[in-house]
Amino acid sequence: MSNTKAKLTVLISGSGSNLQALIDACGKAALPNAEIIRVVSNKKASFGLERAQKAQIPTAYHNLLEYKKRFPDTTESKKFEQARSEYDRDLASLVLADTPDIVVCAGWMHILAPTFLEPLKDAGVPVINLHPALPGQFNGAHAIDDAYKAFQEGKIEKTGIMIHYVILEVDMGEPIVTRDIPMRKGESQDDLEQRIHENEWELIVQGTKKAIDTLWKSRQSS
């Protein structure tokens with residue numbers, strides 16, 4: 001299966017710079033065994049959708065807000081959980097309709113619910129994610145903020161990036177690849193963030209390739 005191209009669905013929320021790294025790498029030496037079959041965004045104004053369209057990749061917009069409107073008579077927390085469950089169930093259906101081999105979360109700012117992860121697992125489709133921290137270091141959406149603060153307080157000397165498999169526990173899935181990012185005295189948080197992003201563009205390609213290789217080996221052995 002090494003010559004077979006894996007079909008990727010990429011989930012995004014923002015500018016799509018990591019998506020662009022994948023687009024540029026597909027079919028090249030860095031990622032010869034992959035093609036992106038669809039890009040899904042939960043933000044209508046995501047520039048990543050324009051990147052995909054420019055590359056002639058099919059896109060979809062799938063937003064949580066419409067789902068929240070279905071539960072007007074519940075508390076805010078209950079409304080969110082009910083909406084999230086239905087939203088993720090429909091997201092799974094949307095994704096699986098394309099029969100992808102792997103789903104890549106590339107700046108996807110939405111915690112995936114069991115109603116998404118379980119159907120994907122049942123279909124044998126791994127979900128991987130890029131997270132700007134080392135395993136077990138700073139989980140959640142504010143990893144770079146937390147790392148910068150910890151460095152200023154003298155608690156850490158480095159942060160990092162990982163590509164990992166997605167499980168129910170946020171940012172706790174098995175790492176696929178990691179990279180240390182040394183902290184620098186006097187560096188602004190914006191500069192740290194830019195340095196992390198530049199490394200992410202390489203690592204998301206490496207992690208995706210490794211996940212594909214692992215998937216092919218798993219399918220061959222079974």
Side-chain angles (χ1 to χ4, degrees), residues 9-22 39-49 51 61-68 76-88 91-92 95 103-117 120 126-153 155-156 158-181 183 187-201 203-204 207-208:
T9 296
V10 183
L11 308 184
I12 63 169
S13 296
S15 69
S17 60
N18 288 300
L19 166 65
Q20 189 66 55
L22 290 169
V39 173
V40 181
S41 176
N42 62 348
K43 304 290 185 184
K44 194 172 186 177
S46 168
F47 185 64
L49 291 174
R51 294 179 189 269
Y61 166 59
H62 189 61
N63 186 263
L64 181 62
L65 183 59
E66 292 302 313
Y67 289 80
K68 289 183 178 180
E76 193 62 33
S77 60
K78 186 72 172 176
K79 179 190 298 186
F80 175 77
E81 287 304 316
Q82 291 174 321
R84 177 180 175 236
S85 181
E86 288 199 13
Y87 171 89
D88 279 56
L91 177 63
V95 168
V103 173
V104 183
C105 300
W108 172 253
M109 303 304 290
H110 170 82
I111 297 173
L112 293 165
T115 47
F116 178 85
L117 294 176
L120 271 287
V127 182
I128 67 174
N129 178 56
L130 181 152
H131 182 61
L134 295 172
Q137 191 182 47
F138 301 107
N139 296 343
H142 305 290
I144 297 176
D145 298 348
D146 294 341
Y148 189 78
K149 181 180 178 182
F151 177 63
Q152 302 306 313
E153 295 172 350
K155 295 178 179 177
I156 62 169
K158 67 179 181 180
T159 184
I161 310 161
M162 67 172 170
I163 310 299
H164 67 95
Y165 290 104
V166 177
I167 60 175
L168 287 177
E169 293 77 18
V170 176
D171 299 324
M172 290 296 288
E174 177 188 351
I176 301 168
V177 289
T178 65
R179 179 177 292 183
D180 291 353
I181 303 293
M183 307 298 282
E187 183 176 50
S188 70
Q189 185 170 329
D190 286 345
D191 287 343
L192 169 64
E193 188 165 345
Q194 180 61 29
R195 196 156 52 91
I196 287 173
H197 289 329
E198 289 171 358
N199 279 270
E200 286 175 348
W201 303 332
L203 208 67
I204 196 167
T208 300

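If you read the sequence from its start, that first residue is 1, and numbering goes on from there. Bear in mind that the values here come from a model prediction, so they are computed numbers and not experimental data.
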Visitor: Could you go step by step and tell me if V127 and N129 meet the side-chain contact (heavy atoms from CB on, under 4.5 Å) rule?
Guide: CA-CA 7 Å; V127 182; N129 178 56; over 6 Å; no
Visitor: Got N18 and V104 here, is their nearest side-chain heavy-atom distance under 4.5 Å?
Guide: no
Visitor: Taking the side chain as C-beta and beyond, is there a heavy-atom pair between L117 and I167 under 4.5 Å?
Guide: no
Visitor: Would a line drawn from the ring center of Y67 to the ring center of H62 be shorter than 6.0 Å?
Guide: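 Judged by ring-centre distance (under 6.0 Å), Y67 and H62 do meet the cut-off.
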Visitor: Do K44 and N63 come within less than 4.5 Å of each other through their side chains, counting heavy atoms only?
Guide: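 Contact flag for K44/N63 side chains = no.
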Visitor: Atom CZ in R51, atom CG in L19: separation rounded to 0.5 Å?
Guide: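 Nearest 0.5 Å value for the CZ-CG distance: 7.0 Å.
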Visitor: Which distance, rounded to the nearest 0.5 Å, do you find between the CD1 of I196 and the CG of D191?
Guide: 11.5 Å
Visitor: If you round to the nearest 0.5 Å, how far is CZ of R179 from CD of E200?
Guide: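 E200 CD to R179 CZ: 10.5 Å, rounded to 0.5 Å.
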Visitor: Using every non-hydrogen atom in the two residues, find where M109 and A141 come nearest and quote the distance to one decimal.
Guide: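 Smallest heavy-atom distance, with atoms named: CE-CB, 3.9 Å.
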Visitor: Side chains of W108 and V10: does their closest heavy-atom pair fall under 4.5 Å?
Guide: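 Sidechains of V10 and W108: no contact.
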Visitor: Report yes if some heavy atom in the side chain of L11 is under 4.5 Å from a heavy atom in the side chain of V103; otherwise report no.
Guide: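 The answer is yes; the side chains approach within 4.5 Å.
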Visitor: State the CE-CD1 distance between M183 and I156, to the nearest 0.5 angstrom.
Guide: 4.5 Å
Visitor: Are a donor atom and an acceptor atom from the side chains of Q194 and E198 found within less than 3.5 Å of each other?
Guide: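 Q194 vs E198: donor-acceptor pair found between side chains.
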Visitor: Closest heavy-atom contact between Y165 and P126?
Guide: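 Looking at all heavy atoms of both residues, the closest pair is CE2-CB, 4.1 Å.
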Visitor: Side chains of H110 and S13: closer than 4.5 Å at any heavy-atom pair?
Guide: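 SC-SC contact between H110 and S13 ruled out.
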Visitor: Work out which heavy atom in I204 is nearest to a heavy atom in A21; give both atom names and the distance.
Guide: CG2-CB, 4.3 Å
Visitor: Check whether any side-chain heavy atom of F116 sits under 4.5 Å from a side-chain heavy atom of V166, and report yes or no.
Guide: no
Visitor: What closest approach, in Å, do I12 and A106 show between heavy atoms, and which atom pair accounts for it?
Guide: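 In this case the closest contact between I12 and A106 is CG2-O, 3.6 Å.
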Visitor: Verify the neighbour count for atom CG of L168: are there more than 12 heavy atoms of other residues, nucleotides or ligands below 6.0 Å?
Guide: yes
Visitor: Distance from E193 atom CD to E187 atom CD, nearest 0.5 Å?
Guide: 11.0 Å
Visitor: Kindly say whether F138 contributes a backbone atom to a donor-acceptor pair with the side chain of D146 at under 3.5 angstrom?
Guide: no
Visitor: Begin from the C-alpha positions of L64 and F80 and carry the test side-chain contact (heavy atoms from CB on, under 4.5 Å) through to its verdict.
Guide: CA-CA 9 Å; L64 181 62; F80 175 77; 3.7 Å; yes
Visitor: With a 4.0 Å cut-off, would you call R84 and E81 a salt bridge?
Guide: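 Salt bridge: yes.
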Visitor: From K158 NZ over to Q137 CD, what is the distance, rounded to the nearest 0.5 angstrom?
Guide: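 Answer rounded to 0.5 Å: 8.0 Å.
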Visitor: Using side-chain heavy atoms (C-beta onward) and a distance below 4.5 Å, is F151 in contact with L192?
Guide: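 SC-SC contact between F151 and L192 ruled out.
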Visitor: In this structure, are over 12 heavy atoms from other groups packed under 6.0 Å from M172 atom CE?
Guide: no
Visitor: Testing the basics here: between T159 and A147, what is the closest heavy-atom pair and its distance to 0.1 Å?
Guide: OG1-CB, 3.6 Å
Visitor: H164 side chain to T178 main-chain N or O, any donor-acceptor pair under 3.5 Å?
Guide: no
Visitor: Might you work through the side-chain contact (heavy atoms from CB on, under 4.5 Å) test for L112 and C105, ending with a clear yes or no?
Guide: CA-CA 10 Å; L112 293 165; C105 300; 4.0 Å; yes
Visitor: Please give me the minimum heavy-atom distance between L134 and M162, naming the atom from each residue.
Guide: C-SD, 4.3 Å
Visitor: Can N139 and E169 be said to form a side-chain contact (heavy atoms from CB on, under 4.5 Å), step by step?
Guide: CA-CA 10 Å; N139 296 343; E169 293 77 18; over 6 Å; no
